[in-house]
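Right, one structure below, let's go through it.
Within every chain, numbering begins at 1; the chains are lettered A, B, ... in the order of the sequence lines, protein sequences first and strands thereafter. Computed from a prediction, not measured in an experiment: that's the story for all the values here.
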Amino acid sequence: MSERDTQIPEEFRKKQGVLLYEMSRSGRRGLEIPASDVPPSELPAQSMLRNKINLPEVGQLEVVRYFLDLSQQNYGIESGTFPLGSCTMKYNPKVNDAAAGRFTETHPAAPEELVQGNLQIIYELQNMLAEITGMDATSTTPMAGAHGELTGIRMIKAWHFDRGDTDRTEVLVPKSAHGTNPATASMAGLKVVEIEIDADGNVDLEDLKGKVGPKTAGIMATYPSTLGTCETDIETIIQLVHEAGGLVYGDGANLNALLGQVKLGDLGFDVVHSNVHKTFSTPHGGGGPGAGPVMAKAHLAPYLPGPVVKKEGDDYKLVKPEKSIGRMGNWYGNFGILVRAYAYIMSLGEEGLKAISTDAVVNANYLKARLDPVYYSPYAHRRVMHEVPYTPKNQMIPGDKHFGTTEITKRLIDFGFHPPTVFFPLVIDQAMLFEPTESETMQGLDALADAMIQIDKEARENPDLLRSAPHGTPVGRLDEVEASRRPILRWVPEAPEVTDD
Amino acid sequence: MPAEHRSPHAYIPNTDSDRQAMLDAIGVSTPDELFADIPQDKRNPKLNLPAALSEWELLAQIDEIAAKNAHGRPSFLGAGAYNHHVPAIIDNLRSRGEFSTAYTPYQPEISQGTLQYTFELQTMVCELTGMEVANSGMYDGASGSAEAALMATRITGRKKILILDSVHPNTLEVVRTYAQGQDIEVEVVSSDDTEKIDDETACVLVQSPNHFGYIEDQAAWANAAHRNGAKMISYVNNPMSLGLFETPGTLGADIVTGEFASLGNPPNFGGPNNGIFAARMENLRQMPGRIVGQAKELNIIPDQTKELKTGYALVLLAREQFIRRERATSNICTSEALVALGTAIYLSVVGPKGLAEIARLNYDKAHYAAQKMSQVDGYQMALAGVFFNEFVLKCPLAPKEINSKLFERGVIGGVDVSDQIPDGLLLCFTELNTRQQIDELAAHLASIAKGE
């Protein structure tokens, strides 16, 4: 990632952060547009029409160079090891892109008879996801994990209301939960009741017993948890909530550890979502698109958002479940992404999926074995699954309370790695959460561990290297506090343009 | 090859001997020991899945499935998904691994690519919509509109949403779905019912061009809303229209939502999408979604005198679930960055004049088509008013019949809207439809009406 030092004077170096807008020259264009082959039609009144559009005017090669240059400033999975905890940054197979390419031109408003291929993909994916998670029915329409969470919690709420149980207004959320969980409960109009985590990283059963009751709509449980550990008493937790009349929502973000090892449905979960851009390899895209299909047991299936695909004879049909909570998006979910997930599952099969979870867990435990002697984990005494959390307790510098996770992980960038997830989960102070995934070789894991061990040494011998990290990246650390305090959220032209339009 | 040298799969590289070395370092004999925290009686379930396929077997199967779709015919489908030309450079640039396999830009130093194009696209969205601030995107226009309505209820403290009956019916359903979650009332009103806004109304959602292709009077709705302390949400489900028509911001919109995927991305059967979301600075803190801001480098080691560069970073995170949890403005996390990239490249490559020219082509083709179709015996324009590139044709037969007979003639027709407009067929014409296709469509419709 470091710049080659070309030893040219500062004023000749490419200026960072220059927008295409700033390279604009009036009269340039990037696309040839033909003259109309129909006569011009009368336009409506001028008052209905817009003024000049302000977009950059650049040639096509300028656009290509600009975006290519931007891409080279990004670090992706293909740039190197990407151990971002809870995000499952595994290889995104290119054959999945090829598969998705067969369907790009299909139009969502086409009559069903003309898109039977698409409907077949959705139908088969519905079945495969239900099979993998041990559930009875699927809706692939939610467009991200958080969208799936909202769907599932709304379904639980609707199920209770249908039974006349209108007083169930609370959702139990472990303190270790991802922020989307409580935010989801609020969006669903429910009150969040936080459950404590004990010293082993488990949901505190006594706290749970005290808080579960007739007002409980359900619990949102992540399994394995955000700490990378499996609840020691998951079946007890599920039983307690069920006995109090509540239902159990499973946040499937960490499904990568469970494929073929156990089915969430068999453990007692009532409704779960999966992040296909995590477990099922669809590309993260720098912030999406993903998809968050929701799988439910039979008693919740009628509440799934529509449309779902049913098969009648040889025909695939779009159907709205009989008690559906409604629609989560305009069409059928992120279909282009769903095809990729489908292709992935078809490429792996039962044995392949089990090999994924096996190696995801072996790899994380190997990383743990290499890092435990040097880095402190509050849950070192526990077995971890696919991810392992640390806190920089051993690297702290007396008298410098700011020195910690940020310094260590920014320095890791200098060694050519993407940092782990930082400051999540919140229950671990200054957390660093590493998830290597099954995609990483043993040698790659060793390289990551060696770098972390070297950084520990530097923290003692030369902490300034960590404080000033990263070096050689397109920008160094940014003043994010000031950027939020005095936000500049768009480019503004400096002087009015004089044109002849 | 001996077993110890074999990895489980091309995507799972560690061999048995790698794994054995790792298990030794961990201190267990088998991987199963690592799964001991899972209830043992539920372990190792059977997964009834098809046998794994190699790349060529997979693609052969995919091709077999794709063959069941209708391919390569002229199409006049619109209704919120538009066939516009996707410039060749877009796929090429967008499929670069540094863009497609990157994560959400939480580490700005190694994500300036994603952050910079997002900042620039936020600027472009503001320019196109006439608004002051835009976020980095929502899942799609429909869910974005639902979130805009929720935002309006938070700002005004009121619990009633009005929606015009000319909004896309699927979007109406999405807004209802979101509103039900928070006991918010949704009332459907017709295009001229501005007096329905009162002091209990949080907002009105107006789609223009509407589901039937026609321009709504956004200014009238904005004025009525503001007179009553409510918000006007303008929903742009046909983004190319912004190349020609007045911006929602100028017409008084408080929030603009929309579906921009069709600028720079193929239809993809309706997903993934790119829901834009723009507002006024005074409502910034209530906006959902990620926002990118400009930032300067920190001068970390004080005795360094290097020039501090300009960069971009996610800002105002205190609105979001990561920090605010149950008090967040939304639960949204991952959205649609790669689709937004397609739009950013598109707008960069067509430029201001290009967008205006393409929009004009859409307008002219659709108006030429309207003239030709309404001249065919038995057909007439169902609605009056100003339209962009879509309109509703009243047909002599049920639109379902018309579409079926068109398909026999090798053409994919329009969207059947007869549930809302009697015998109504919604036809869309973009820059990709040729004069010949339009003339032939008119000829087909004529022969169908004659019972041929």
Do any N or O atoms from the side chain of [X] and from the backbone of [Y] form a donor-acceptor pair under 3.5 angstrom?
X      : Y      : result
A/D266 : B/K42  : no
B/Y363 : A/E42  : yes
A/E131 : B/N48  : yes
A/S41  : B/H367 : no
A/R50  : B/L242 : yes

In terms of heavy-atom pairs under 4.5 Å with chain A, which of [options] leads?
options                     : answer
B/E246, B/Q294, B/E431      : B/E246
B/E259, B/R176, B/H9, B/Q61 : B/H9
B/Y368, B/Y312, B/F99       : B/F99

Exercise for the section: Determine whether A/P44 and B/F245 make a side-chain contact, defined as any pair of heavy atoms from C-beta on separated by less than 4.5 Å. Expected result: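 They are in contact (side-chain heavy atoms under 4.5 Å apart), so the answer is yes.
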Roughly how far apart are [X] [atom1] and [Y] [atom2], rounded to 0.5 Å?
X      : Y      : atom1 : atom2 : result
A/T106 : B/N69  : OG1   : CG    : 6.0 Å
A/N74  : B/T114 : CG    : OG1   : 3.5 Å
B/N170 : A/Y332 : CG    : OH    : 7.0 Å
A/F67  : B/E98  : CZ    : CD    : 14.0 Å
A/K263 : B/N44  : NZ    : CG    : 11.5 Å
B/D140 : A/M143 : CG    : CE    : 3.5 Å

Practice task
Kindly give the heavy-atom pair with the smallest separation between A/A183 and B/S330, and that separation in Å.
Solution key: CB-O, 3.9 Å
Quick one: what part of [X] sits under 4.5 Å from any heavy atom of chain B, side chain, backbone, both or neither?
X      : answer
A/P470 : side chain
A/K354 : side chain
A/Y91  : side chain
A/V192 : side chain
A/L43  : both
A/T229 : neither
A/A110 : both
A/K157 : side chain
A/E10  : side chain

So does [X] pair up with [Y], basic N to acidic O under 4.0 Å?
X      : Y      : answer
B/E297 : A/R477 : no
B/E120 : A/R490 : no
A/E57  : B/K353 : yes
A/D479 : B/K296 : no

[X], part contacting chain A, at a heavy-atom distance under 4.5 Å:
X      : value
B/L361 : side chain
B/L244 : both
B/V292 : backbone
B/N83  : side chain
B/L93  : side chain
B/A295 : both
B/L58  : side chain
B/Y178 : both
B/I89  : side chain
B/S95  : neither

Handout entry: Short side-chain donor-acceptor distance under 3.5 Å, B/E336 and A/N334
Key = yes
Handout entry: Between B/T101 and A/N92, a side-chain donor and acceptor under 3.5 Å
Key =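 Judged by distance alone, the side chains do not pair up.
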Exercise for the section: For A/E480, look at atom CD and say whether over 12 heavy atoms of other residues, nucleotides or ligands are found less than 6.0 Å away. Expected result: yes
Problem - Ring centers of A/H107, B/F269 separated by less than 6.0 Å - result: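 No, they do not, as the ring centres are separated by 6.0 Å or more.
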Exercise for the section: Let me see the working for A/N363 and B/N14 under side-chain hydrogen bond (donor to acceptor under 3.5 Å, both in side chains), right down to the final yes or no. Expected result: CA-CA 9 Å; A/N363 281 5; B/N14 284 323; 3.1 Å; yes
Exercise for the section: Check the pair B/L284 / A/L489 against side-chain contact (heavy atoms from CB on, under 4.5 Å), numbers first and verdict last. Expected result: CA-CA 10 Å; B/L284 175 60; A/L489 306 175; 3.7 Å; yes
Exercise for the section: Using the six-membered ring wherever Trp is involved, compare the ring planes of A/H147 and B/Y139 and label them parallel, tilted or perpendicular (cut-offs 30° and 60°). Expected result: tilted
Handout entry: Worked check of side-chain contact (heavy atoms from CB on, under 4.5 Å) between A/Y75 and B/S111
Key = CA-CA 6 Å; A/Y75 187 107; B/S111 316; over 6 Å; no
